[in-house]
Amino acid sequence: MKIASWNVNSLNVRLPHVQRWCEEHRPDVLSLQETKLADEKFPHEALRELGFECAFSGQKSYNGVAILAREPMRDLVKDVDGLDDPARRILAATVGEGATALRIINLYVVNGQSVGSDKYAHKLKWLTHVREFLRGQLVIHPNLAVMGDFNIAPEDRDVHDPEAWRELVLCSTPEREALDGIVELGFSDSFRLFSEESGHYSWWDYRQGAFRRNMGLRIDLILVSAALRTRLKSASIDRTPRTWERPSDHVPVMIDIS
DNA sequence: ATGGTGGGTTACCCA
């Protein structure tokens, strides 16, 4: 069973990429971030033709998350206790039935703009509330995967130039501690169970030829619960869509579970 | 040196 996550930076623009990638990789579940579409504009017909059920929580212009799945989804959650946030950044859904049912939580974490800004403070507060939500979800749903654009590079080995990024937004110590606090609830960063080395990134700035020079960050993650970890067969990042015409600045990350 | 690119909308926008 393949589960993937991709910040598409406008599903309207990137729908052909999603179609192409899904035809090539056949994911069973795909979480999308930054769809930037109001729900009434969501392209569910095109995605149904690809074989997916769709759950989505969108808004015009900014943010927006969706989960595509081969099987019907239930128990959707779009808001979290304590977060009075109109931005559509969270979508939880249960895929499948019985013992193999899987809880998917799709996050588009607040970017935070710059260390010390109001948006940065909001990011840290947002992560605190999301952590409490995840703590509760983990109790109810042992087979849990939390994925998305975390807008945090977990460690220096996830950063192309750690010294240049030292204590900047996406890499600062308080952000990493907030992420650690989530992981310590009982998750594993799936990618790091299979690959230890640096140089593997999921996002490259559009500017200054950053992708060509591999000046990236690994900020798109799939966290798996302990129960799911025992079923994990692989975890990877697919750089190829970044080479396609008019790409997202992020690429898909994925796991394979038994 | 505050650039540069690419979404979105037509903005003191967001990444």
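Because the structure is predicted, anything quoted here is derived from the model rather than measured. Below, read A as the first sequence line, B as the second, and so on, with proteins coming before strands; counting in each chain starts at 1.
Regarding A/Lys41, its NZ atom lies at a distance of 11 Å from the P atom of B/dG8, rounded to whole Å. Rounded to whole angstrom, the span from the OH atom of A/Tyr62 across to the C1' atom of B/dT10 amounts to 11 Å. In this structure, NZ of A/Lys60 is placed 12 Å from C1' of B/dC13, rounded to the nearest angstrom. Between the CZ atom of A/Arg242 and the C1' atom of B/dG7 there is a distance of 13 Å, given to the nearest Å. Spacing between atom CG of A/Leu217 and atom C1' of B/dA15 amounts to 13 Å, rounded to whole angstrom units. Atom CG of A/Leu37 is separated from atom P of B/dG7 by 14 Å (rounded to the nearest Å). Between the CH2 atom of A/Trp204 and the C1' atom of B/dA15 there is a distance of 16 Å, rounded to whole Å. Going from atom NE2 of A/His122 over to atom P of B/dA15 covers 10 Å, rounded to whole Å.
Comparing A/Glu34 and A/Asn12 by the nucleotide of DNA chain B whose heavy atom lies nearest to each, the residue mapping closer to the 5' end is A/Asn12. Sequence order on DNA chain B of the closest nucleotides to A/Asp149 and A/Val13 puts A/Val13 first from the 5' end.
Among residues two or more places apart in sequence or in another chain, the ring-ring contact (aromatic ring centres under 6.0 Å, His included) test is passed with A/Tyr62 by none. For A/Glu163, the side-chain contact (heavy atoms from CB on, under 4.5 Å) partners are A/Asp161, A/Arg166, not counting sequence neighbours. Applying the side-chain contact (heavy atoms from CB on, under 4.5 Å) test to A/His44 and every residue at least two apart in sequence or in another chain returns A/Phe42, A/Arg48, A/Cys54, A/Phe56. Under the side-chain hydrogen bond (donor to acceptor under 3.5 Å, both in side chains) criterion, A/Arg218 pairs with A/Asp158, A/Asp189, not counting sequence neighbours. With sequence neighbours excluded, the residues forming a side-chain contact (heavy atoms from CB on, under 4.5 Å) with A/Lys119 are A/Gln113, A/Ser117, listed by chain and number. Every residue two or more places apart in sequence or in another chain that forms a side-chain contact (heavy atoms from CB on, under 4.5 Å) with A/Asp238 is listed here: A/Trp21, A/His25, A/Thr240, A/Pro241, A/Met254. With sequence neighbours left out, A/Glu197 forms a side-chain hydrogen bond (donor to acceptor under 3.5 Å, both in side chains) with A/Ser195, A/His200.
Residue A/Tyr108 is in sugar-phosphate contact alone, with no base atom involved, counting any heavy-atom pair closer than 4.0 Å across all strands shown.
Side-chain contact of A/Gln33 with A/Asp149: a donor-acceptor pair under 3.5 Å is absent, judged by distance alone.
Sorted by first and then second residue, the ring-ring contact (aromatic ring centres under 6.0 Å, His included) pairs involving residues 225-248 of chain A (not counting sequence neighbours) are A/His17-A/Trp244.
Heavy-atom minimum distance, A/Lys36 versus A/Asn9: NZ-OD1, 2.8 Å. The two residues A/Leu168 and A/Val115 come nearest to each other via the heavy atoms C-CG2, 3.8 Å.
A heavy atom lying under 4.0 Å from DNA chain B marks the following residues of residues 109-120 of chain A, by number: A/Asn111, A/Lys119.
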N/O-N/O pairs, protein side and nucleotides 3-6 of chain B side, under 3.5 Å:
none

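When the P atom is compared between B/dC12 and B/dA1, the two are found 28 Å apart, to the nearest whole Å. Spacing between B/dT2 and B/dG8 at atom C1', rounded to whole Å, works out to 22 Å.
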How would DNA chain B look in dot-bracket form, 5' to 3', counting Watson-Crick and G-U wobble pairs with both distances under 3.5 Å and writing | for bases paired to another strand? ....(((.....)))
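Hydrophobic cluster membership for A/Tyr206: none, as no Ile, Leu, Val, Met, Phe, Trp or Tyr side chain comes under 4.5 Å of it.
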